[in-house]
2 protein chains.
Amino acid sequence: MARTDERFREAYNALLNICSSKSEGDSLPSEAELSRTLDVSRTVIRSALSRLNEVGIIHWNGRQKLVMRQPADTDLIEVNLETISNEELERRFLNWILRFDVPPGTPLNVSELSRWFNVPAHALHEFLASLSRFSLVERRPKGGWKLLGFTREYAMELFELRTMIELNAISRLVKSPPEDPIWQKMDDLKQKHQELLAQINERYNDFSVLDEQFHSTIYSVNHNRFIVELQRVIALVFYYHYQWDKRDERERNEAAIHEHLKLINAIQSRDEQEALDAARDHLSTSRKTLLLSLKINNKQ
Amino acid sequence: MARTDERFREAYNALLNICSSKSEGDSLPSEAELSRTLDVSRTVIRSALSRLNEVGIIHWNGRQKLVMRQPADTDLIEVNLETISNEELERRFLNWILRFDVPPGTPLNVSELSRWFNVPAHALHEFLASLSRFSLVERRPKGGWKLLGFTREYAMELFELRTMIELNAISRLVKSPPEDPIWQKMDDLKQKHQELLAQINERYNDFSVLDEQFHSTIYSVNHNRFIVELQRVIALVFYYHYQWDKRDERERNEAAIHEHLKLINAIQSRDEQEALDAARDHLSTSRKTLLLSLKINNKQ
DNA sequence: CTAAGTGTATTCAATTATAAAAAACAGTAT
DNA sequence: ATACTGTTTTTTATAATTGAATACACTTAG
C-alpha cells in the first residue's frame, strides 16, 4: 500500500552478487561507496545489508561488514518489472486511437486504459497531461479526460506545421558545409531509392521504411529540441496513418520515389529554390493522399 | 481521506437558493432535472436532498419533494475554493523560474511547490508533465522532477522556432483579403506606434504592452492550434524575460518602434519580400538584446 | 584534528485505500 | 409508454501510507 520496493530488491540482488565475488572473511566497502556503485540511496543499502545480516550471509557491526558465507541461488529475491516505457505508451496509445478509429470526443477512461496498457494510472495521467499540449486530449470540467482526436482539421493543422518545419530544414540542409556527413547520407538514400525503384513491383512494401528514413534524415539537420519533439509526434501520427491505407499502394509509392529523387537531386545541386519547390510538390501530394484517406475513413 | 465534497457543498447551497424562490408547500422538480440545471450528477442531488430532508427544509418521500420552510442564512454550508487556474499556475511558475534565476538542473520539489503555488499536488504534476513537452522540465530517473531551465541554448532554439512561426505568419498576413479586419487592426497599431513615438521620453514604459499587442496581432492570422499553443509559451517566456531587463530601455524601445513601423508599412503595401526582410531585421535585434541580457544575468 | 564512515531524523514521492461523484441499470408510478 | 426514483457499479480525486532519498549529527580510524 505504498511505493514498490523494487529498488530495494534490485539492490539486494546486486549485493548478493558482490558477496559472491568475495571469499569468506572478506569485508564489504562502505555504505556510501556501495550506494554510489549501485546508484541507490544509502537507506536502500542499509536495509539490504540489514537483511543480509539477518540471513547470515554477512556479519554487520558498525563499519565492519564481514562476508560469512557464499550466497546461494535461493537467496535471490524476486523482482518483477513489467512496466513499459513512455515511448512505448505513446506508440500504443496512438496506435489504439488510429487503429480502432476512436471517434473525437470519446471520454477516456483512465482506469480502463491503465489496465489495457499495463501502466500505473498515474503514469497514464502524466502522459495524457503531456498530450494535452498537442491538443490531442483535453481535461473535462467534471474530471476525467476527453479525446479530441485526429479530425480533418487537426490533420491539416499538423500538416501545416510539418510543412513549415520541413521547408525550414531543407533551407538549412542545402547550406550545410561540404564536409558534413549529411551529404554521404544523401548519396546513400539516393541509391536506395534507385534500387527500390528498379524492383518496385516486388518490393513496394519496403517504401514505408525508406520514407521514414528519408524524412528523418532531412529533419536531422535540426538540433533544435522543440522541433525534434514536434517532429517526433508528427512522424508518429502520419506514419501510423499512412500505414493502414492500402489503396493504390504501389502506384503511390512509385510516384513518391520519383518525387523523393527529384528533391534529392535538387538538394545535391545545392539549389535552394528548386529543392523547396520539389519539397512543396511532394508535401502537396502527401497532403492530398492524407485528405483522401481521411474522407474515406470518416464515411465508413 | 478522499476527494473533497466541494461539488456537494455547492449543489447544496444552490438547492437552498432554489428552495428560497419557492413558497412553503411547493414541490421541487425531479432529480434528473435538478441534476441538469445544477450540472452535477444525480448522486450529488440525492445526497443534498437527503440533507435538506434531515434538516427539515423539505419533506422528501419518493418523487414528492415538498418545501417545508424557507432556508435561513445559517443553513448555508461553507465552501472554500481558493484554487488557481492552470494559466495562472503557468504564469506563476515561469515567473518564479525567471524572476529568481532558478539555475538549470535544480530538482523540483513537488510538495513544496504545490504549497508555494497553492495548488493540489496532482495539478502540479499534470502541469510539469505538460511542460516536459517543451523540454523545460524533465523526469528524474529516481523519481521527482528536474528543471532543465532557460539556458542560452534553450533561448536560441526557442527563438529559432519563434522566427519560423513569425515569418510564416507574415507571409500569410500580406496575402489576407482586403476585407479582412486585420487591416483595420494594422492601421490602429500604426497610429498607436506613432503616438507613442511622439512622447517616447515620457511614455517609453508603455511599449511593452504595445509590443505584445503587435506580435499577437501578427500571430492571430494563424488559426492553427499547435502554432497558437507554441506561441503562447513563446510569448510567456520572452515577455517575462524582457520585462526585467531595464538597461537602455528607452533607446531599445524607440529603436523597436521604428522597426515595427517599417514592418507595418511593408505589410500595408502588401510587399511580402520587404515585410519579411523588415521582420528579420526586427527579430535579429530582438535576438541580440536577449543574448546580451542572458550573458549579463549568467555572469552575476 | 580531519576526513571518511555510520546512526538517526526528516522530507519527499509513488502507491494504495477510500470517500465522493458519475454512470449504468433496474424497477416503479403516473 | 415514459418519466422518475432506488440501487449498484464504476471511476475519479485525494489522503494515508510506506519506500526511498537526503540532511544532519555523531563516531572512529588514521
Side-chain angles (χ1 to χ4, degrees), chain A residues 1-12 27-36 38-51 60-65 79 83 107-115 119-126 128 139-146, chain B residues 1-12 27-36 38-51 60-65 79 83 107-115 119-126 128 139-146:
Chain A
M1 63 185 88
R3 49 193 301 177
T4 62
D5 56 354
E6 194 187 306
R7 313 212 100 227
F8 167 79
R9 286 160 185 269
E10 285 190 345
Y12 183 82
S27 56
L28 295 176
S30 77
E31 295 171 9
E33 195 180 324
L34 286 173
S35 104
R36 266 192 304 270
L38 298 189
D39 193 33
V40 290
S41 73
R42 256 185 68 221
T43 312
V44 175
I45 295 291
R46 282 173 68 80
S47 32
L49 287 174
S50 150
R51 174 83 73 94
W60 185 27
N61 192 332
R63 52 192 66 186
Q64 193 177 38
K65 294 179 280 284
V79 45
T83 117
L108 297 173
N109 191 323
V110 173
S111 34
E112 196 182 8
L113 285 177
S114 74
R115 277 193 300 267
V119 289
H122 82 106
L124 196 67
H125 250 114
E126 212 170 289
L128 290 175
R139 213 145 191 8
R140 284 189 306 170
K142 288 191 205 175
W145 297 84
K146 194 175 80 177
Chain B
M1 63 182 90
R3 52 192 296 177
T4 61
D5 57 354
E6 195 186 305
R7 310 210 107 229
F8 167 79
R9 284 159 185 270
E10 285 191 345
Y12 184 82
S27 57
L28 295 176
S30 76
E31 296 172 8
E33 194 179 324
L34 287 172
S35 105
R36 267 191 303 271
L38 298 188
D39 194 33
V40 290
S41 74
R42 257 185 66 219
T43 313
V44 176
I45 296 290
R46 282 173 67 81
S47 31
L49 286 174
S50 148
R51 174 84 74 94
W60 185 27
N61 191 331
R63 53 191 66 186
Q64 194 177 37
K65 294 178 282 282
V79 46
T83 144
L108 297 174
N109 190 321
V110 173
S111 31
E112 195 182 7
L113 285 176
S114 74
R115 277 194 300 267
V119 290
H122 84 105
L124 196 67
H125 250 115
E126 224 165 72
L128 290 175
R139 213 141 193 11
R140 283 190 307 173
K142 289 190 205 175
W145 297 85
K146 194 176 80 178

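Below, chains carry the letters A, B, ... as their sequence lines are ordered, and counting in each starts from 1.
- Of all non-hydrogen atoms in B/R7 and B/D39, the two that sit nearest each other are NH1-O, 3.6 Å.
- A/R63 contributes no side-chain N or O that forms a donor-acceptor pair with the base of C/dG7 under 3.5 Å.
- Look at CD on B/E31: it is 21 Å from P on D/dT2, rounded to the nearest Å.
- Within 4.0 Å of A/R139, counting heavy atoms only, lie sugar-phosphate atoms of the nucleic acid but no base atom.
- For C/dA13, the OP1/OP2 oxygens have a side-chain nitrogen or oxygen of B/S111 closer than 4.0 Å.
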Please assess A/L128 against A/V110 for the test side chain to side chain contact (heavy atoms under 4.5 Å, CB included), listing each intermediate value before the final yes or no. CA-CA 9 Å; A/L128 290 175; A/V110 173; 4.3 Å; yes
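- Here the closest non-hydrogen pair linking B/V40 and B/A11 is CG2-CB, 4.4 Å.
- Within the nucleic acid shown, A/R7 comes within 4.0 Å of sugar-phosphate atoms alone, with no base atom in reach, counting heavy atoms only.
- Nearest-nucleotide positions on DNA chain D place A/E112 closer to the 5' end than the other of B/P120 and A/E112.
- At a threshold of 4.0 angstrom between heavy atoms, the contacts of A/S47 with the nucleic acid are absent.
- Rounding to whole angstrom units, OH of residue B/Y12 and P of C/dA21 are separated by 15 Å.
- A straight line from NZ of A/K142 to P of C/dA23 spans 6 Å, rounded to a whole angstrom.
- Put simply, NZ on B/K146 is 13 Å from P on D/dT22, counting in whole angstrom units.
- Residue contacts shown for B/I45 are absent, as no nucleic acid heavy atom lies under 4.0 Å away.
- Taking every side-chain heavy atom of A/S30 into account, C/dG5 is the closest of D/dT22, C/dG7, C/dG5.
- In this structure, B/W145 reaches neither bases nor backbone, as no heavy-atom distance under 4.0 Å exists between it and the strands shown.
- When the P atom of C/dT15 is taken as reference, atom NE2 of B/H125 falls 10 Å away, rounded to whole Å.
- Nearest-nucleotide positions on DNA chain D for A/V40 and A/G144 put A/G144 closer to the 5' end.
- Shortest non-hydrogen contact noted between A/S114 and A/L124 is N-CD2, 3.8 Å.
- Geometrically, B/R139 engages B/W145 in a cation-pi contact, judged by NZ or CZ lying under 6.0 Å from the ring centre and within 45° of the ring axis.
- Picking from D/dT14, C/dA13, C/dA21 the nucleotide with the shortest atom distance to the side chain of B/T4 gives D/dT14.
- Residue A/A123 comes nearest to A/V119 through the heavy atom pair CB-CB, 4.4 Å, listed as atom of the first residue, atom of the second, then distance.
- Side-chain to base pairing of B/R3 with D/dT12: one donor and one acceptor N or O lie within less than 3.5 Å of each other.
- At the phosphate of D/dA20, neither OP1 nor OP2 sits under 4.0 Å from any side-chain N or O atom of A/S41.
- Distance CZ (B/R42) to P (D/dT8): 13 Å, rounded to an integer number of Å.
- Within the nucleic acid shown, B/L108 comes within 4.0 Å of sugar-phosphate atoms alone, with no base atom in reach, counting heavy atoms only.
- Straight-line distance from the CD atom of B/E6 to the C1' atom of D/dT12: 14 Å, rounded to whole Å.
- Taking for each of B/V44 and A/N61 the nucleotide of DNA chain C with the nearest heavy atom, the 5'-most of the two is the partner of A/N61.
- Rounded to whole Å, the distance from CG on A/N109 to P on D/dT10 is 11 Å.
- Using a 4.0 Å heavy-atom cutoff across all strands shown, B/T43 reaches at least one base atom of the nucleic acid.
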